[in-house]
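Okay, structure first, notes after.
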Amino acid sequence: MTQITQLSLQYFRNCQQIQCELSRGLNLIIGDNASGKTSIIEAIWVLATGRSFRTAKSHLLIQHQQTALTVFAEVTSSHKRTNINSHRLGVQKTAQQSQLRMDGETIQSQSTIAQHLPVQLLTPESHKLLEDGPKARRQFMDWGCFHQSPDFMPLWRNYQRGLKQRNQALKKKLPKKQVQLWDQTLVENALKIDQIRQAYLKNLTPYLVTFCQALMPEITENVICQYRAGWPKNTEDLMALYSHNFQKESTLGHTQYGAHRADIRFKFSGQEAINTLSRGQQKLFVCALLLAQASLHEKTLQEPVIMLIDDLPAELDETHRLKLLELLQVLKIQHIITSTSQTLISILNPETTHIWQLNEGELTQIPPP
Ligand SMILES: Nc1ncnc2c1ncn2[C@@H]1O[C@H](COP(=O)(O)OP(=O)(O)OP(=O)(O)O)[C@@H](O)[C@H]1O
Ligand SMILES: [Mg+2]
């Protein structure tokens, strides 16, 4: 099981100094509006991914009047029949820069931390995964590809490097021959990324179907995941497509087709999920997506993810809240949930639950039921 055993925050938004030991099961943080609940979830997300889900400006995360924030977590994973592995992961951020630490050493790569701290996030904004443009769905898919396939990250980095150069050449209206210098890099990496993404979605779909059935038994049709590569469906030769499309791309000033334009469409009975599901069902569908991803992750890497859920009651009604908690318990996933209300407490399993009251950035542990 992968779990955060200890968490500490310093000068993160309104949390001046927080230090706590977390349970391997449910960790419930209860607090009024503006007590700092989202900030704690955000801090874990910042450590795991290097960025906030609320702002791109890291100075906003640092407590007013302070110059740096730190987030630190001790993460323990115990694989079946193998040893227990423990790592101390940390990030310190000033307005200008970030410093990452692992086991007392400074490290350069965020992906090293991401590998040791696989977290998933559900917030009241999560239904935007369906509503917004393809970027969020690509990020969802690529999270899985990154954890499942060690080749994915280098391919993606090479692709991005090529894309940046190619876009610069297009923007400067350089001649075709100079733009084409980057086509080979783009095509080679895009095709490999495409293979990994397709394989990932194929593996994910049966899990998604199962969790949709568990959370939304009223929907009798199974969900269909339609993958879109980022270029027209019947393209046989991506190089030829670039060559053919040069004039248009030169006018646009950027690369129109490629792995950076991939998307997934989710359909029920031939209709886009966004057009056919109720708002509540859309939220449940996003839960099913995350649970499917978590299950596949566990199945292939024998390592559960950690689920962060901000503001659970705002997400779901009571029946579905209970159903979700039940599924998380069955999956044996460490989950960190925030809520403004105490209503969840009475139904919790005291053996695997820690509960805190959060008040103006200060955490006080309260005994389980
Ligand atoms: N950089 C900062 N320094 C100090 N305080 C901050 C900073 N950024 C935000 N805050 C404050 O931190 C408090 C906690 O915000 P947060 O969004 O975490 O609360 P919350 O408990 O999730 O509230 P809600 O229930 O309304 O979602 C707010 O009062 C906010 O104004
Ligand atoms: Mg909040």
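Each ligand, and each atom within it, is numbered from 1 in the order the structure gives. Just so it is clear, the model here is predicted, and its values are computed rather than measured.
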| message | Quick test: of every protein heavy atom, which one is nearest to atom 8 (N) of ligand 1, and how far off is it to 0.1 Å? | response | R13 NH1, 3.4 Å
| For residues D310 and T338, is any side-chain donor paired with an opposing acceptor at under 3.5 Å? | yes
| Top protein contact for atom 15 (O) of ligand 1, by heavy-atom distance | S39 OG, 3.9 Å
| query | Closest non-hydrogen protein atom to atom 26 (O) of ligand 1, residue and atom name please, with distance? | reply | N33 ND2, 3.3 Å
| message | Counting only heavy atoms closer than 4.0 Å, does ligand 1 sit against the backbone of I40, its side chain, both, or neither? | response | neither
| request: Please verify whether a non-hydrogen atom of D32 lies at under 4.0 Å from ligand 1. | output: yes
| Taking everything shown except R138 itself, do over 12 heavy atoms lie less than 6.0 Å from its CZ? | yes
| Short N/O/S contact of T38 with the Mg ion (ligand 2) (below 2.8 Å) | yes
| query | How about F268 and F285: are their ring centres within less than 6.0 Å of each other? | reply | yes
| Applying a strict 4.0 Å limit to heavy atoms, is S35 in contact with ligand 1? | yes
| task | Measure the acute angle between the ring planes of H116 and H87, then classify it against the limits of 30° and 60° as parallel, tilted or perpendicular. | result | tilted
| field | Cationic tip of R166 above Y242 ring, under 6.0 Å, 45° of axis | value | yes
| message | For atom 25 (O) of ligand 1, what's the nearest protein heavy-atom neighbour? Residue, atom name and distance, please. | response | K37 NZ, 2.6 Å
| Protein heavy atom at shortest distance from atom 3 (N) of ligand 1 | H64 N, 3.1 Å
| request: Could you tell me whether L60 approaches ligand 1 through its side chain, its backbone, both or neither, with non-hydrogen atoms closer than 4.0 Å? | output: backbone
| Part of Q16 with heavy atoms under 4.0 Å of ligand 1, whether side chain, backbone, both or neither | neither
| request: Answer side chain, backbone, both or neither: which part of D310 comes under 4.0 Å from ligand 1, heavy atoms only. | output: neither
| request: Can you sort out the partners of D194 under salt bridge (Lys or Arg N to Asp or Glu O under 4.0 Å), two or more places apart, ordered by chain and number? | output: none
| remark: min-distance protein heavy atom vs atom 11 (C) of ligand 1 -> N14 CB, 4.1 Å
| note | of all protein heavy atoms, closest to atom 27 (O) of ligand 1 is T38 OG1, 3.9 Å
| query | Taking only residues at least two apart or on different chains, which pairs with a member in residues 208-220 satisfy salt bridge (Lys or Arg N to Asp or Glu O under 4.0 Å)? | reply | none
| Within-cutoff protein neighbour (heavy atom, under 4.0 Å) for atom 17 (O) of ligand 1 | yes
| Does an N or O anywhere in R54 fall below 3.5 Å from an N or O of ligand 1? | yes
| Are W156 and H260 near enough that their ring centres are under 6.0 Å apart? | no
| said: Counting non-hydrogen protein atoms only, what is the nearest one to atom 23 (O) of ligand 1? Give residue, atom name and distance. | reply: A34 N, 2.8 Å
| field | Donor-acceptor pair, side chain of Q92 and main chain of S98, under 3.5 angstrom | value | no
| Donor-acceptor pair, Y227 side chain versus L201 backbone, under 3.5 Å? | no
| Closer than 4.0 Å: a protein non-hydrogen atom to atom 13 (C) of ligand 1 | yes
| So, the side chain of K176 versus the backbone of S243: is there a donor-acceptor pair under 3.5 Å, distance only? | yes
